[in-house]
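Report on the structure given below.
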Amino acid sequence: MKGLKTVYICSECQYKSPKWMGKCPICGAWNSFVEDVIEEENKPAAARRALSARTGDHKATAFGDLEMPSYIRTATGLSELDRVLGGGLVLGSVVLLAGEPGIGKSTLLMQISDILGSHRRVLYISGEESEGQLKLRAERLGVMGKNLFVLTETLIEKILTEIDSVKPDVVIVDSIQTVYSENIASTPGATTQVRETALAFINKAKTDNISVILVGHVNKEGTIAGPKLLEHMVDAVLYFEGERQQTYRIIRAIKNRYGSTNEIGVFEMTDEGLREVANPSEMLLAGRPKQTPGNCAVCTMEGTRPLIAEVQALVSSTVFPAPRRTSNGIDYNRLCLILAVLEKRLGLRFSANDVYLNVIGGLRLDEPATDMAAALALISSLTDRSVPDDVIAIGELGLSGECRAVSGLEYRVKEAARLGFRRAVVPWRNLEKRPIKADIELVAVKSVYDALHLLAPAEKPQ
Ligand code: TYD
Ligand code: MG
């Protein structure tokens, strides 16, 4: 067709190339190029359009004259989700819910449609499931469906007409990758289709004051066009994380124009859909191995909430010329750094061993405050001396092996005490500045070396 051209677009950084490439020359991502068909722009016309956009009648406003906006929020009824959203769905805003297929996005949205339906009109647009399948799922979840309208349509023009006739307060689009426009040449799910149809929903949300939730699928390699592309266009981006084999799920805000991005929401997948988990630490600690070398409990802050998790390490002699290092839940480079510090400062020989590090429950610990626990778990596994079960470790590891101060120590030790821990390894530098009261024995350490006396004596080989 005249005016149409095939291009390859990097799904990470949007770099366009006329040829497919294995590695993006701009952002360095591998396998990130997806095919797309675009209409060739008439350059002079585009330039004119850009100019006319600039010559609109908008005038600058003095900052003092700006009015405070009043956001109208609707609680979704699931407090774990509301916590991540910053208090509920904002009218006229667009939220992107991204996650891998099968993680539970449709389940969550069907559940909140039911709760929202008690005081709002909800339109659930599904391009993936038939009405029968939706009904089956709803039955299983015990959804009553008051004020809930279901539309199985993927053509954006028809969807917009239907929104006008239903006049909903909340629109759920499951998923944005299935929606397409007849006026765009590329196939559904292609970059242009996803961007243009998402824009149509965003405009609708702003003009009609509707809350829109867009579902976006991601895969591990990030090669599906979608969430990355839309992140800058929407008001909030929530990622639904978790291991499909395990039952619990975490919702994390990556971006939120109406709230904090630090909060997470924790859910458990049950036979009757997702259930909120108000005390995630208890769940994360359930069934932890006792008196086993290589384990250490840690307390991380997720927003305002302290969360106790368990770091596990396995250090075993290697059969490879270059020993293996595998890390789940803690950044790989962070693991390498901790190993280097322990090797150099404590003279421990990790270089002759394979090292595996894992955070129980598929949780991701991004905070440096978890370094001490990782270091103790590693030392414990290497030396076969277990960290006692009543000990929890909190602190950041510096390059000289020193234990650096962390934020929110009071909240962390309080949560540890609540869950029955009796001793907490904490940074001496925290207590030096401001002593804290706690119902738990505080073992203030200046370096990782100071914590080693807590380890149990080495177990006799059997
Ligand atoms: P789904 O919401 O369809 O995932 P997504 O929309 O993100 O692709 O959830 C799929 C999985 O959830 C499926 O493998 C079955 C499981 N599930 C339950 O365990 N319990 C339930 O009540 C429901 C509805 C689903
Ligand atoms: Mg789904």
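When reading the values below, keep in mind they use all heavy atoms of this one structure, side chains included, and skip hydrogens, waters and symmetry mates. As the structure lists them, so they are numbered: ligands from 1, and atoms in each ligand from 1. What you see is a predicted model, and the numbers here were worked out from it, not measured in a lab.
Shown here, atom 15 (C) of ligand 1 is out of close reach of the protein: none of its heavy atoms lies under 4.0 Å off.
For atom 12 (O) of ligand 1, the candidate residues are Q111, M269, M110; the nearest heavy-atom contact is made by M269. With S106, G102, S126, S175 as candidates, the residue nearest to atom 10 (C) of ligand 1 on a non-hydrogen basis is G102. Counting heavy atoms only, G104 comes closest to atom 4 (O) of ligand 1 of the residues A138, G104, G273.
Residue-level proximity to ligand 1 for E272 is carried by the backbone, the only part with a heavy atom below 4.0 angstrom. With a 4.0 Å heavy-atom cut-off, ligand 1 is reached by the backbone of K105 and by its side chain too. The proximity of T270 to ligand 1, defined as any non-hydrogen pair under 4.0 Å, is limited to the backbone. With a heavy-atom cut-off of 4.0 Å, D271 touches ligand 1 through its backbone alone.
Atom CE of M144 sits in a sparse spot, with 12 or fewer heavy atoms from other residues, nucleotides or ligands closer than 6.0 Å. Taking a 6.0 Å sphere around CD of Q133, one finds it holds more than 12 heavy atoms contributed by other residues, nucleotides or ligands. Counting non-hydrogen atoms of neighbouring residues, nucleotides and ligands closer than 6.0 angstrom, the CD atom of E131 reaches no more than 12 such neighbours.
Summarising the geometry, atom CG belonging to L335 is positioned 11.0 Å from atom CG belonging to N328; distances are rounded to the nearest 0.5 Å.
When all heavy atoms are compared, the tightest approach of V311 to A374 is CG1-CA, 4.1 Å. Considering all non-hydrogen atoms of both residues, V90 and R73 come closest at CG2-NH1, 3.5 Å.
Ionic pairing of R412 and E367 is present here: one or more N-O contacts between side-chain nitrogen and carboxylate oxygen are shorter than 4.0 angstrom.
Not a single N/O/S atom of S126, whether from backbone or side chain, sits less than 2.8 Å from the Mg ion (ligand 2).
For ligand 1, the atoms sitting less than 4.0 Å from at least one non-hydrogen atom of P101 are 8 (O), numbered in the order shown with element in parentheses.
An N or O contact shorter than 3.5 Å links T107 to ligand 1 by distance.
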query = Passes salt bridge (Lys or Arg N to Asp or Glu O under 4.0 Å), R423 versus D390? Steps please.
reply = CA-CA 6 Å; R423 287 177 286 173; D390 64 347; 3.1 Å; yes

